[in-house]
Every structure is written in structure tokens, then in C-alpha cells.
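All remarks here apply to the structure that follows.
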Number of protein chains: 2
Amino acid sequence: MEKAAIELEATARTLKLLGDNTRLTVMGLLKDSECCVCEFVEVLKMSQPSVSQHLRKLRDAGLVKERRKGQWIFYSLNTEHETYPVIRHVLEQIPDQKEKLRALEEAGLRIQCDV
Amino acid sequence: MEKAAIELEATARTLKLLGDNTRLTVMGLLKDSECCVCEFVEVLKMSQPSVSQHLRKLRDAGLVKERRKGQWIFYSLNTEHETYPVIRHVLEQIPDQKEKLRALEEAGLRIQCDV
DNA sequence: TGCATATATAAGCATATACTTATATACTGA
DNA sequence: TCAGTATATAAGTATATGCTTATATATGCA
């Protein structure tokens, strides 16, 4: 019972974070592959600090993980998160963001890292 | 493509509304049966204006429908909503709220209406 | 018609949110 | 060691949010 209440609150916290165009797009991009900050900046056409602040919210909530690779920090979905089942389902419902990454690639702006 | 963008935004709008403990609980209650405002007030232990304001947001977004039955106004899920598939899935993930309605019933506070 | 009940709305306020610009930190490579 | 790139953080600000109290509206019933 106590646990149940927590689950509802955890779900609400996650949904609140997903309930923003920028963050939902970020999560949609991460569904397909890990990305670094500068890629988000390019795709979202937003300032770097703004993107970083959104990523921090997602990370603070445990929805994404980060991993440094050289000068870049790559973000990826945290599939271990308590609410990941809901997240995955949401990401399956929204339009695929792959195309945006492909456009980046064609523009030569996709970060390739072999580490 | 244009449509896809709208879908993401519509999803974000819905998730933002669900990303609040009060509204998520309301939707969880409506999953099981229609309810009137005074029932929400009782279950949520919140002021009537506050509850009404949350319901208005849900209604303005089209997530719930309202129907007057005598002096009461009953709310129910709008299963026709564009984002209803996501909503239903979310409501399946959170703990069942039926028990709260049962408690109301035992306290003799459940509104019965034969209209 | 008039009072009680149910609900909605308005106005006010404290806090949260999402940007901005400026600056700090961390890594890379010459 | 130093310049350049990537990222994070801080501070400021405008707007959004969620409550409160007060009041308006709609219905039921005597």
C-alpha cells in the first residue's frame, strides 16, 4: 500500500519530465542511440546551456545515464529505472526521431567515437 | 512529418497533465468508474476549488468528459482522445485506485445516481 | 419563491519552470 | 603549458503552476 503510493508518485515525476517537448524529443532520440550534448544542441536548435539543464533534470531523476568519452559526454536511457516500462511505451507511441539523427549524419555533424 | 510533430506535442501535453499526483490519481479513479467532484474532494482530501481547477485542465485538454446528472457533474475518461492509448497504458501501470472508491462507499459517501 | 447543495470561476500569492547571458570546468592536441 | 572544444553551472528574469479565499452559477426541494 505504501509502496503503491510511491509508485504513483514516481510515475507522476517521470511523466512530468516527459511532458515537455524538448525532453520528450531528447528521450525519443535516445531511444535509438546514445547522443552527446552537441548533437542535441544541433537537432533541437537550442542553446547549449538550455539543453544541459534539461539533461540534468533527466539525469537527476535517473531517467538517463551519462558516460564520458574523451571530450564528449554521451547520454543514454537508463533502462533500469523504476518507471522504464512506462517510458518505453511512451517512446513507442511518439513518432520516430531517427530521421533527425540521419540528417545530422548527412551534415557530417554526428559524433563518432570508437572508445 | 507535420503530423508527426503534432503527435509528439500532443503527447507531451498529455504527459504534462498526467505528471501531477492529483491529476494522475483522478485519472486512475476514472479508469474504474465515472466520479463527481465531491467524490474527488473526499478521496483526495483537497479543497473543492482546487479539485475543480484540476478537472478543468483535464477537460480543457479533452482528456475527460463531463455529464450533468441532477445536481452533480460526473466526469469520465474520454476514450476518443488522440493520446488515449498512452493514457490507458499509464493507468495500467499505476496502482489500482479502486480501493479508495470502496472506502468511500463504505463511508456512505459514494454518489449513486440512476439517471 | 427561497434555501441548501454542488460546482465553477475569479483574484491573489508563493513557488516552480524554462529560458537567457556569463562564467567555470574538463579534456584534447600542438 | 596553452589554446580550443565540449559541457556544466550560476544568476537573473518572465511566465506558468497550484494553491488559497471569496463569490457566482446551477440544480433540487420545501
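In this text the structure is predicted, and so the values were computed from the model without any measurement. In what follows, chains are A, B, ... by sequence order, proteins preceding strands, each numbered from 1.
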*May I have the distance from K45(B) (atom NZ) to dC19(D) (atom P), rounded to whole angstrom?*
16 Å

*Of the listed nucleotides dG18(D), dA18(C), dT20(D), the one nearest the side chain of R23(B)*: dG18(D)

*Would you mind reading off the distance between N21(A) atom CG and dA18(C) atom C1', rounded to a whole angstrom?*
12 Å

*asked:* Of the listed nucleotides (dT9(D), dA8(C), dC19(D)), which one gets closest to any side-chain atom of V37(B)?
replied: dA8(C)

*Provide, to the nearest angstrom, the distance between the NZ atom belonging to K57(A) and the P atom belonging to dT9(D).*
14 Å

*Check: T25(B) side chain, N21(B) main-chain N or O, donor-acceptor pair, under 3.5 Å*: yes

_Judged by each residue's nearest nucleotide on DNA chain C, which is more toward the 5′ side, S52(B) or T22(A)?_
S52(B)

*Pick base, sugar-phosphate or nothing for F40(B), based on heavy-atom distances below 4.0 Å to the nucleic acid.*
nothing

*What string of B, S and - do you get for nucleotides 22-30 of chain D, 5' to 3', if B is base contact, S is sugar-phosphate-only contact and - is no contact with any protein heavy atom under 4.0 Å?*
B---SSS--

*For dA8(D), take OP1 and OP2 only and decide whether either is under 4.0 Å from a side-chain N or O of Y75(A).*
yes

_Distance check needed: dT7(D) C1' versus E39(A) CD, whole Å only._
14 Å

_If I take atom CG in residue D20(A) and atom C1' in nucleotide dT17(D), what distance separates them, rounded to the nearest angstrom?_
14 Å

*Quick one: L55(B) CG to dA8(C) P, roughly how many Å, whole number?*
7 Å

*By nearest nucleotide on DNA chain D, pick out whichever of K16(B) and I73(A) is the more 5' one.*
I73(A)

*Between Q48(B) and S52(B), is any side-chain donor less than 3.5 angstrom from a side-chain acceptor?*
yes

*Does dA18(C) have OP1 or OP2 sitting under 4.0 Å from an N or O in the side chain of S50(A)?*
no

*So, is R56(B) close to the dA8(C) phosphate, meaning a side-chain N or O under 4.0 Å from OP1 or OP2?*
no

*How long is the line joining CE of M46(A) and P of dT21(C), in whole Å?*
13 Å

*Nearest whole angstrom, please: distance from the C1' of dT9(D) to the NE2 of H54(A).*
15 Å

*Is there a donor N/O on one and an acceptor N/O on the other, under 3.5 Å, for the side chain of Q53(B) and the base of dT20(D)?*
yes

*asked:* Could you go through K69(A) and E34(A), starting from their C-alpha distance and side-chain angles, then the distance that decides it, and tell me whether this counts as salt bridge (charged side-chain N to carboxylate O under 4.0 Å, His left out)?
replied: CA-CA 12 Å; K69(A) 295 210 277 187; E34(A) 60 177 13; 3.1 Å; yes

